[in-house]
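Letters A, B, ... mirror the listed sequences (proteins, then strands); counts begin at 1.
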There are 2 protein chains.
Amino acid sequence: MEIKAASTNLAALGHATRLAIFRLLVQAGPEGVNAGLICDKLKLAPATLSFHLAHLSRVGLIRGRQDGRFIFYAADYAAMDALLAFLTDNCCQGAQCLPKTAATAAPPKRRRTAAARQSRQRSE
Amino acid sequence: MEIKAASTNLAALGHATRLAIFRLLVQAGPEGVNAGLICDKLKLAPATLSFHLAHLSRVGLIRGRQDGRFIFYAADYAAMDALLAFLTDNCCQGAQCLPKTAATAAPPKRRRTAAARQSRQRSE
DNA sequence: TCCATATTTCAAGTATTATCGAAATAACGC
DNA sequence: GCGTTATTTCGATAATACTTGAAATATGGA
């Protein structure tokens, strides 16, 4: 993922209402929740909800699936995962990473030896 | 972390320039980088950089430490960690979480047995 | 003290985003 | 087809955020 996509995703989540929607979907699981239910749970005007759902869909963080008159929205876990990976990618130069970040600090493809890491310090 | 703080943090990262700054600091490690150097690396007008550094500081994602005429900015790894935890908190009801998300899906304090999870489905 | 350097604050212009009533679209059951 | 329900699109308004030149502040060295 490059920076433009990542910042677009983060901006989409950087709004209390959209974050609440996304979180609800993340916690709801892959089956998703239909728009009307989200409306009720979060007490939003339909037009407002629709605006935010469209935004989250456009950036790829959620997907809608039509089922009769309902549209079920679900979090796109792969997109979320890519976003988390981007944030923690190559983080903190092997220093004191904390629990969540530590888990993803050095993805296999980019792992380097301590020696190699050493030799690149202060360069560029 | 509650939703307001989380969305504020995410909004701060939801801008290509600020995300680039944050990422640079995350990868630079705890010692940080001084403002002028960030300016050079990212080719930003000083006033623009200052605006974004202030924004990131205000929400708590980075900290500045004065050292002579320089101010070194460093990522606040704890804040970043709290943010990642918020996003993945109680995610996806035990379903098909992916690599990064899976690592943090069920923090010890909130872990539940499969049976307990089962009995709560479709309720609320 | 005076100059140079590092960084921030101010101010003003520009651009983007959020909200929501009302109207439009779409799908179902009768 | 017709009424009903679910959701989106439109349009207008309001609010917020971004950029940057210029001026201000702060630090260190001569």
Side-chain angles (χ1 to χ4, degrees), chain A residues 3-25 28 31-76, chain B residues 3-25 28 31-76:
Chain A
I3 200 157
K4 196 67 220 270
S7 67
T8 302
N9 278 6
L10 289 164
L13 296 176
H15 186 277
T17 301
R18 276 195 301 270
L19 182 56
I21 294 167
F22 183 70
R23 196 149 198 259
L24 188 136
L25 297 181
E31 282 137 60
V33 180
N34 67 289
L37 230 173
I38 303 175
C39 246
D40 291 351
K41 292 212 187 198
L42 302 182
K43 311 236 165 66
L44 298 169
T48 303
L49 175 67
S50 199
F51 170 82
H52 290 306
L53 287 174
H55 191 155
L56 287 166
S57 288
R58 180 158 20 88
V59 306
L61 282 166
I62 68 175
R63 324 184 86 86
R65 156 181 55 88
Q66 183 123 21
D67 181 4
R69 268 179 297 185
F70 300 86
I71 300 181
F72 283 80
Y73 284 94
D76 185 319
Chain B
I3 201 157
K4 197 66 219 277
S7 67
T8 302
N9 279 5
L10 290 163
L13 296 175
H15 186 276
T17 302
R18 275 194 302 270
L19 182 55
I21 294 168
F22 184 69
R23 196 149 197 262
L24 187 131
L25 296 182
E31 281 136 60
V33 180
N34 66 289
L37 231 172
I38 303 175
C39 245
D40 292 351
K41 292 212 185 197
L42 302 182
K43 309 234 165 68
L44 298 169
T48 303
L49 175 68
S50 198
F51 171 83
H52 291 306
L53 287 174
H55 192 155
L56 288 166
S57 287
R58 179 157 23 86
V59 306
L61 283 166
I62 68 174
R63 323 184 87 83
R65 155 181 57 87
Q66 184 123 20
D67 182 4
R69 269 180 296 186
F70 302 87
I71 300 181
F72 283 80
Y73 284 94
D76 185 319

Find the distance [X]:[atom1] to [N]:[atom2] and express it as a whole number of Å.
{"X": "B:L44", "N": "C:dA6", "atom1": "CG", "atom2": "C1'", "result": "16 Å"}
{"X": "A:L37", "N": "D:dT7", "atom1": "CG", "atom2": "P", "result": "9 Å"}
{"X": "A:I38", "N": "D:dA6", "atom1": "CD1", "atom2": "P", "result": "14 Å"}
{"X": "B:L53", "N": "D:dT19", "atom1": "CG", "atom2": "P", "result": "13 Å"}
{"X": "A:L42", "N": "C:dC20", "atom1": "CG", "atom2": "P", "result": "13 Å"}
{"X": "B:D67", "N": "C:dT5", "atom1": "CG", "atom2": "P", "result": "19 Å"}
{"X": "A:H55", "N": "D:dT7", "atom1": "NE2", "atom2": "C1'", "result": "19 Å"}
{"X": "A:L19", "N": "C:dT17", "atom1": "CG", "atom2": "P", "result": "18 Å"}

Pick the closest DNA chain C nucleotide for A:T48 and for B:F70 by heavy atoms, then say which residue is nearer the 5' end. B:F70
Which comes earlier along DNA chain C counting from the 5' end, the contact point of B:S50 or that of A:G14, where each point is its nearest nucleotide? B:S50
Looking at [N], I'd like to know if its phosphate oxygens (OP1 or OP2) sit under 4.0 Å from a side-chain N or O belonging to [X].
{"X": "A:H52", "N": "C:dT19", "answer": "yes"}
{"X": "B:R18", "N": "D:dA17", "answer": "no"}
{"X": "A:N34", "N": "D:dA6", "answer": "no"}
{"X": "B:Y73", "N": "C:dA6", "answer": "no"}

When the ring planes of A:H55 and A:F51 are compared, do they come out parallel, tilted or perpendicular, using 30° and 60° as the limits? perpendicular
Nearest listed nucleotide, side chain of [X], among [options]:
{"X": "B:F51", "options": "D:dT7, D:dT19, C:dC20", "answer": "D:dT19"}
{"X": "A:H15", "options": "C:dT19, C:dC20, D:dT20", "answer": "C:dT19"}
{"X": "A:R69", "options": "C:dA6, C:dT8, D:dT5", "answer": "D:dT5"}

Can you tell me how far apart CG (A:L49) and CD1 (A:I21) are? Round to the nearest 0.5 Å. 5.0 Å
Atom pair OG (B:S50) and CG (B:L44), whose distance is rounded to the nearest 0.5 Å: 11.0 Å
Show the numbers, then the answer: is there a side chain to side chain contact (heavy atoms under 4.5 Å, CB included) between B:I62 and B:L53? CA-CA 8 Å; B:I62 68 174; B:L53 287 174; 3.7 Å; yes
Counting N and O atoms only, with roles assigned by atom type, does the side chain of A:R18 sit under 3.5 Å from a partner on the main chain of B:S7, one being a donor and the other an acceptor? no
What does A:A47 touch in the nucleic acid at a heavy-atom separation under 4.0 angstrom: a base, only the sugar-phosphate, or nothing? base
